[in-house]
Amino acid sequence: MLQLILSPRRGWEDIAIDNASPRRLLHAGFLPFIILTALTCLPGLWYHSDATLPGVIERAIACFVKYLAGYYLALFFFSLYMPSCTGGEVSPNKNATFIIYSLGLIAVFNILTNLLPMVPDMLYLLPVYLIFIMWRGITYMEVKFNGVMTFMILNILTVIITPFLLQYLFNLIIPS
């Protein structure tokens, strides 16, 4: 993941060379990573005087669920719309791998915001950098030239906005 952040083009090339199983990535990498991300909600007990243990636990569960549900929602929408981006050739393994790494990067940004007592405004711009990282993945995903715009809209709506939308909905449900 560090390679994706530092050099997105080279990172996607390395992922293509590695050719890891999405099932292995999901079970051995992504699920433990989003559990770790959820656990980073716990320092909120020390940073915020009005935080309670049940409230922090609810936020941690919501954090885990938003990434897991985001993965399955993105996988569903990728299966529907990727054929129009690639000219009909779709690789479910590449779709799952691309979504896992992209959501993993959002989780990295979430870890940073959870661990800092005051979040610098610059960190809120990191999802914009994620759009660039995803754009550099068009070669890995074998997106045709006329499907790039559809692919990027699909990424923004399903991979980036879905976890933020789920978090917003959880914030409405979970009392502050």
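The closest donor-acceptor contact from the side chain of Thr86 to the backbone of Met82 lies under 3.5 Å. Looking only at distances, a side-chain donor or acceptor of Lys94 sits under 3.5 Å from a matching main-chain atom of Tyr140. In this structure, Asp18 contributes its side chain and Asp14 its backbone to no donor-acceptor pair below 3.5 Å. The backbone N or O of Leu157 sits less than 3.5 Å from a side-chain atom of Thr162, completing a donor-acceptor pair.
Residues Trp12 and Thr139 fail the side-chain proximity criterion, which asks for heavy atoms closer than 4.5 Å. The side-chain heavy atoms of Leu154 and Tyr81, taken from C-beta on, include a pair separated by under 4.5 Å. In this structure, the side chains of Leu4 and Arg136 stay at 4.5 Å or more apart for every pair of heavy atoms. Proximity of Ser102 to Asn155: side-chain heavy atoms (C-beta onward) are nowhere separated by under 4.5 Å. In this structure, the side chains of Asn171 and Arg59 come closer than 4.5 Å at one or more pairs of heavy atoms. Between Phe170 and Cys63, the closest side-chain pair of non-hydrogen atoms is not below 4.5 Å. Counting only heavy atoms from C-beta outward, the side chains of Phe64 and Leu39 never approach each other to under 4.5 Å. Looking at heavy atoms from C-beta onward, Ile34 lies in side-chain contact with Leu68 at the 4.5 angstrom threshold.
Residues Ala96 and Pro22 approach most closely at CB-CB, 3.6 Å, considering heavy atoms. Nearest heavy atoms, Ile131 versus Ile160: CG1-CD1, 3.5 Å. Here the shortest heavy-atom pairing between Ala107 and Thr37 reads CB-OG1, 3.6 Å. Counting all heavy atoms, side chain and backbone alike, Val56 lies closest to Cys41 at CG1-O, 3.4 Å. Considering every non-hydrogen atom in both Ala20 and Thr97, the closest pair reads O-OG1, 4.2 Å. Annotation for Thr158 and Pro163: closest pair O-CD, 4.4 Å, computed over non-hydrogen atoms.
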**Message:** Pair Ile173, Glu58 - check side chain to side chain contact (heavy atoms under 4.5 Å, CB included), show working.
**Reply:** CA-CA 10 Å; Ile173 296 169; Glu58 287 173 348; over 6 Å; no
**Prompt:** Would Asn110 and Tyr67 count as a side chain to side chain contact (heavy atoms under 4.5 Å, CB included) if you check the C-alpha gap in whole Å, the side-chain angles of each, and the deciding distance to 0.1 Å?
**Reply:** CA-CA 11 Å; Asn110 196 8; Tyr67 288 112; 3.0 Å; yes
**Prompt:** What's the verdict on side chain to side chain contact (heavy atoms under 4.5 Å, CB included) for Ile100 and Phe30, showing C-alpha distance, side-chain angles and the deciding distance?
**Reply:** CA-CA 7 Å; Ile100 287 170; Phe30 185 65; 3.8 Å; yes
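The aromatic ring centres of Tyr71 and Phe78 sit 6.0 Å or more apart.
No more than 12 heavy atoms of other residues, nucleotides or ligands lie within 6.0 Å of OH in Tyr168, so this atom counts as exposed by the packing criterion. In the displayed structure, Phe109 atom CZ is contacted under 6.0 Å by more than 12 heavy atoms of other residues, nucleotides or ligands. Counting heavy-atom neighbours within 6.0 Å of Met149 CE, excluding the residue itself, gives a total of 12 or less.
Looking at Lys144 and Glu89, a side-chain N of the basic residue comes within less than 4.0 Å of a carboxylate O on the acidic one, giving a salt bridge.
Atom SG in Cys85 sits 8.5 Å away from atom CE in Met141 (nearest 0.5 Å). The distance from atom CG of Leu126 to atom CD1 of Ile5, rounded to the nearest 0.5 Å, is 8.5 Å. With rounding to the nearest 0.5 Å, the separation of CG in Leu80 from CG in Leu75 is 10.0 Å. In this structure, CD1 in Ile15 is found 11.0 Å from CG in Asn19, a value given to the nearest 0.5 Å. Note: Leu42 CG to Ile57 CD1 = 7.5 Å, rounded to the nearest 0.5 Å.
Under the 4.5 Å side-chain heavy-atom criterion for ILVMFWY residues, no single connected hydrophobic cluster contains both Leu6 and Ile133. Placement of Val128 and Ile138 in two distinct hydrophobic clusters is found when ILVMFWY residues are connected by side-chain heavy-atom separations under 4.5 Å, directly or transitively. Hydrophobic cluster membership is shared by Phe132 and Ile99, with clusters built from Ile, Leu, Val, Met, Phe, Trp and Tyr side chains linked at under 4.5 angstrom.
With Phe151 as the fixed residue, the ring pair (Phe, Tyr, Trp, His ring centres under 6.0 Å) test singles out one of Phe77, Trp135, Phe98: Phe98.
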